[in-house]
Amino acid sequence: MKSRNWVRLFLSTLLIGAISTIITGFAVKWSEYKELFIASDFVEILMVIFWLIGVGFIFSIISQMGFFAYLSVHRIGQGLFKGAWSPAQIVLIAFVLFDLIYFRFQVFATEGETISSYVWVPVGIFVFSLIIAYFKSKQTNRKAFIPAAFFMFVVTVIEWVPAIRANDESWLYLMIFPLLICNAYQLLILPKITKQKS
């Protein structure tokens, strides 16, 4: 990829991260922020927006680091494991899905909580990952499905670890949606960018 195209990808992903974090931030904490709109406190609203933009930039950079790290790991995996790399990724996807449900339940569940409350978010991320992987395979070829699903699910969960460890519901949602959007954007836009001549 030419440096000009990399800069375009970097800046556009930053913008995606900022916008998605602003929307997610107001949606997640609307019960707190709606008072600002009712009171027409535009200075405070702008301060919240600027704070969310900064957080969105951080999420975007985490997403981009994960994306380029995965591109390297994928090349190494193809070289070392050859035909076994795709099955290995399927096993890792299953392992991470199980861990995200079971171990979060074991560590964070309070008395009276059932495991069902820890299932729907990981399953939602998994389903979204499969949808993006489907579009990626349609965009390129069938062989891209498993790597795309692996990146969208496993790498996103790894990027999400700081929020998982904090186990604060608002931070969990505030971080996961921008990460998924940035990762999906990078995955789907990369072929178009690399085909550009300038």
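Just so we're clear, the structure is a prediction, and the values are computed from it rather than from any experiment.
- We find the CG-NZ distance between Asn5 and Lys192 to be 14.0 Å, quoted to the nearest 0.5 Å.
- We find the CH2-CG distance between Trp160 and Leu172 to be 5.0 Å, quoted to the nearest 0.5 Å.
- The two residues Ala149 and Ala133 come nearest to each other via the heavy atoms N-CB, 3.5 Å.
- Ser12 and Tyr185 share a donor-acceptor pair across their side chains, judged by distance under 3.5 Å alone.
- Criterion: ILVMFWY side-chain heavy atoms under 4.5 Å apart, direct or through other members. Under it, Val96 and Phe103 are part of a common hydrophobic cluster.
- Checked by atom type, the side-chain pair Gln186/Ser63 shows a donor-acceptor distance below 3.5 Å.
- There is no path of hydrophobic side-chain contacts, each under 4.5 Å, that joins Ile93 to Val91.
- Between Phe26 and Trp30, the two ring planes are perpendicular [angle over 60°; tilted spans 30° to 60°].
- Using bins of under 30°, 30° to 60° and over 60° for the plane-to-plane angle, the ring pair Phe105/Tyr118 lands in the perpendicular bin.
- Put simply, CD1 on Ile53 and CG on Leu46 are 9.0 Å apart, with the number rounded to the nearest 0.5 Å.
- Residues Ile189 and Trp6 are members of one and the same hydrophobic cluster, defined by side-chain heavy-atom contacts under 4.5 angstrom among Ile, Leu, Val, Met, Phe, Trp and Tyr.
- The side-chain heavy atoms of Phe135 and Gln139, taken from C-beta on, include no pair separated by under 4.5 Å.
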Checking Thr156 against Ile176 for the side-chain contact (heavy atoms from CB on, under 4.5 Å) test, could you report, in this order, the C-alpha distance in whole Å, the side-chain angles of both residues, the deciding distance, and whether it holds? CA-CA 8 Å; Thr156 300; Ile176 191 58; 3.7 Å; yes
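- Dense packing is recorded around CD of Gln78, with more than 12 heavy atoms of other residues, nucleotides or ligands lying under 6.0 Å away.
- For the atom pair CD of Gln64 and CG of Asn183, the computed distance is 9.5 Å after rounding to the nearest 0.5 Å.
- Closest of all the heavy-atom pairs between Thr21 and Gly17 is OG1-O, 2.6 Å.
- Here the two rings, on Tyr70 and Phe150, have centers that are under 6.0 Å apart.
- Smallest separation of non-hydrogen atoms from Ser137 and Ala144: CA-CB, 4.4 Å.
- With a 4.5 Å cut-off on side-chain heavy atoms, Pro147 and Lys136 do not count as touching.
- Ile23 and Ile45 fall into different hydrophobic clusters, where Ile, Leu, Val, Met, Phe, Trp and Tyr residues are linked whenever their side-chain heavy atoms come under 4.5 Å apart, directly or through other members.
- Heavy-atom contacts from other residues, nucleotides or ligands closer than 6.0 Å to CZ of Phe108 number more than 12.
- Taking each heavy atom of Leu174 and Val28 in turn, the nearest pair found is N-CG2, 4.3 Å.
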Full working for side-chain contact (heavy atoms from CB on, under 4.5 Å) between Val121 and Tyr173: CA-CA 9 Å; Val121 172; Tyr173 293 130; 3.9 Å; yes
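- Ring planes of Phe126 and Phe153: perpendicular class, angle over 60° (limits at 30 and 60°).
- Side chains of His74 and Phe151 form no contact here, defined as non-hydrogen atoms less than 4.5 Å apart.
- Ser129 contributes a side-chain N or O that, together with a main-chain N or O of Ile125, makes up a donor-acceptor pair within less than 3.5 Å.
- Here the closest heavy-atom approach between residue Ala148 and residue Leu187 is recorded as CB-CD2, 3.6 Å.
- The minimum heavy-atom distance linking Thr13 with Cys182 is given by the pair O-SG, 3.9 Å.
- A single hydrophobic cluster is seen to contain both Leu188 and Leu179, as judged by linkage of ILVMFWY side chains at heavy-atom distances under 4.5 Å, directly or through other members.
- Atoms CE and CD1, on Met175 and Ile164 in that order, are 9.0 Å from each other to the nearest 0.5 Å.
- By the side-chain contact (heavy atoms from CB on, under 4.5 Å) test, Leu71 is found to be paired with Phe67, Phe68, Leu190, residues two or more places apart in sequence or in another chain being considered.
- How far CD of Glu159 is from CD1 of Ile61: 12.5 Å, rounded to the nearest 0.5 Å.
- Dense packing is recorded around CZ of Phe128, with more than 12 heavy atoms of other residues, nucleotides or ligands lying under 6.0 Å away.
- For CZ of Phe57, the number of neighbouring non-hydrogen atoms (other residues, nucleotides, ligands) closer than 6.0 Å is greater than 12.
- Using a 4.5 Å heavy-atom cutoff, the side chains of Leu130 and Tyr134 are not in contact.
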